[in-house]
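To start, the structure itself, in structure tokens.
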Amino acid sequence: MVGKIHVVTDSGADLSADVRQRLGIHVVPLTVQFGDEIFKDGVEISTAEFYAKLESDDQMPSTCQPSPSDFVAMYERIAQPGDTIISVHLSSKMSGTYQSAVLASTMLDLDVTIKAVDSKAASMGLGLVAVTAAEGVRDGKDLDTILADVQHTIDSLQVYFVVDTLEYLKKNGRIGLASALVGTLLNIKPILTLVDGQVAPFEKIRGKAKALKRIQELVEEFRGKFPDQKIRAALSHAENPAEAVRLAQVLSELLPLDGEVLLGEIGSTIGVHTGPGVVALFLYAV
Amino acid sequence: MDAISAITLKNMLLVAAHNLDQQKDMVNALNVFPVPDGDTGTNMSLTLNSALKELDRGDISKIPRLTSLLARGSLMGARGNSGVILSQFFRGFSDGLADVKNDASGEDVARALVSASKTTYRAVMKPVEGTMLTVARVASEYAQEASEEGANAVDVIRAALKGAQESLANTPNILPVLKEAGVVDAGGQGLVCIFEGFLTGLTTSPEDLEEQLAQPITPALEEAERPRLDQEVMVNKYCTEFIILGDDIDPSYVRGELESQGDSMIVVGDAGVVKVHIHTDHPGQVLQFCSELGNLTEIAIDNMFLQNQDFAQHSENHHLDYGPENAGGSSQTEALGQPKPVGIVAVVAGEGLAEIFRSLGVDHVVTGGQTMNPSTEDLVTAVNSVHAESVIILPNNKNVIFSAQQVKELVEKKVGVVPTRSAPQGISALMYFVADDSLEENVEAMEGSMREVKTGEVTYAVRSTVAGDLQIEERDIIGLAEGKIAVVGASPDLVALDLLRGMIDDQSTVISIYFGAEKTEEEAVELRTILSEEYPDCEIEVYSGGQPLYYYIVSVE
């Protein structure tokens, strides 16, 4: 008999507990560190606690990828001999998490096949990749089909996000190609995107209201590019639920959606690098 | 006098420049808008003076040579729209005299004035009647008529002056804005001053001229030096030009130190790049001094004396390399690395705004706009100093757009002009600049952005006038929305509030307030406090612009 297929991701996916439980997605947490204090994201520190601490603590937090042995422990806990694990992770350009999973796959004594996947994305972008894999498992697809679907999601994913300030991205070295935007004296709310797995500037916009209005236009442009296809959409936000809900409403009006808009709260793994206030949009044509 | 010799022509130009200089305040006061802005008289005066300086640099024994130097000098020195049109006038004038062998007859002068008028019309995309274009054209028509009746050169100039004066007096009947403001056209008035000078120069003996021109003159710029009457002996024979690259150079210090070393000095630039041009007998001392301030590059030293004697032979090859084994210049270029595809030059008044423009990626800020329109040469120098294959210019003032467009023909680099009329438009345009895109793509995207921002300005009236329903007294505070007077009041802060209230609508999201040199951050923040209560959905931002004369520059997006 063919073994089971399991889906593992990391806490950078920002998947809600509901989605994780419904689709049986396992999450390996990254750790977030304020000075000497270390917390496992989502396990030892909740999203609300994290943003409260980010506000009150003078120290700039940092994140740390899970160790290979963290992955080994997860893999050994969920899999039986003969099983396969699809382990999808944060863009390797932004985090060493994928590398850690690859290392773990070589350390495993069990007879388990590990397919480590670099999602080239973060937050709900990674979340959508994990969901693609888990839905394939749920629908009884074979491994090759699931991996092809996963690759399609990675390749066709379009990401736009707006940060309140570029400072967090800059301080943590995750600014990528958007570094040219830092140091402007004006209060610029750039629309950022991901290009080949790293942060890149998309447009410079003055004022958050204008930036969010522009995102709406981008959604319409995206729709225009895929007139005959259904669209998968996800949103994530950091401490900005009102805007996320409003935008979800806009998406369901503008797009022929495949399923609901997946909503996620940005946890400490991503929040350390983006700061509060972020709203991020993830789209792909099915 | 039947005909005009080269020396007489030079004297006519000198008297014209002198006359314009004396009358420039009167010309400035004729600006239709009573704002302290790009002054026509000053611009025309500086343009003509720059042209005259060029005459010191070459052979002026023959009329065609003199006028081609005149055309070139005025082209490089052109400031503001009126200056650019004046430079085109001299260009056409020069073309009209290109075939004159000896002295210019009445017929020659008339032909030159007709050519001058035609060139000015060609230079502007949409010629407007009732401006200096009309004054130059009517002057040329009168000159042409006189010449056909057999008039000599003096009578042709006299006819031209009469035509110019009559046409000037008629400009308010052609252009309603002039009539409303109760003025004649400023550029036309400048041209009349020039024709008056021509006639005086032509009909006064050289001795009397010496005396007249010896009167005290207020130079328009500190470095603007008076060209002397034609002279036999040439001193300061080395034309020395180079660029200093440094970190913390003070151009005014360089100017002060070099002043005693020669004449025709131009020192322009900023703390990082300073361009020096000077005629001196001691190029070595000049270079020695400047090499202590930074790295010297693009050094060129011409012997103007030899140039004059044998211009044709030397003109092709008169730039000497002066660096140690020619290495200085080239290694500097290597140190700068690969030129980037597209650089940006912006014209900005005020240190705060200049910093904002730099922070948005502008490579070189040319100071000016409201107080002083930069000359075409200032823009050429700035464009050349940017280490890029092509350069975008943001004029940020309606009176600089035209000079910026002239730069295209004067540099080897590809130049694009985004016709921004205000600093906020320039900032809006910079939001759309993408370093990796081509010049054309950037210019198109940046031009599109200009519609997204509305600009308001708060300044004071330089004279009493009527604008629509508004009665404005001198020194009243006025608020302009998109360049049109919208609000009049006594307090800059109240005018700024009323101005913004008129500009904000339900589509507005961002309001920016750039406070000027005479305002404080506290006052600007107070405006923000008031406005944020009235418009809770808008983001309101306050920045130090540091601009002179304009209490506030505001924008609504």
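Proteins come first, then strands; the chains are lettered A, B, ... in the order of their sequence lines, and each starts at number 1.
A distance of 5.5 Å separates CD of E203(A) from OH of Y432(B), quoted to the nearest 0.5 Å. In this structure, the separation between CG on L186(A) and CD1 on I356(B) is 5.0 Å, given to the nearest 0.5 Å.
Salt bridge present: E557(B) and K210(A) bring a charged side-chain N and a carboxylate O closer than 4.0 Å.
I205(A) and M431(B) get closest at one heavy-atom pair: N-SD, 4.5 Å.
With a threshold of 4.5 angstrom between heavy atoms, F357(B) does not approach chain A through any atom at all. Contact annotation for K208(A): both backbone and side-chain heavy atoms come within less than 4.5 Å of a heavy atom of chain B.
Contact annotation for residues 419-427 of chain B against chain A (heavy-atom separation below 4.5 Å, listed by residue number): I427(B). Proximity to chain A at a heavy-atom threshold of 4.5 Å picks out F433(B), E452(B) from residues 433-455 of chain B, in numerical order. Contacts between residues 499-510 of chain B and chain A, counted as heavy-atom pairs separated by less than 4.5 Å, involve Q507(B), T509(B), V510(B).
E221(A) CD: more than 12 foreign heavy atoms inside a 6.0 Å radius. Environment of CD in E482(B): crowded, with over 12 heavy atoms of neighbouring residues, nucleotides or ligands closer than 6.0 Å.
Residue pairs that meet the salt bridge (charged side-chain N to carboxylate O under 4.0 Å, His left out) test with at least one member in residues 541-556 of chain B, sequence neighbours left out, are R206(A)-E541(B).
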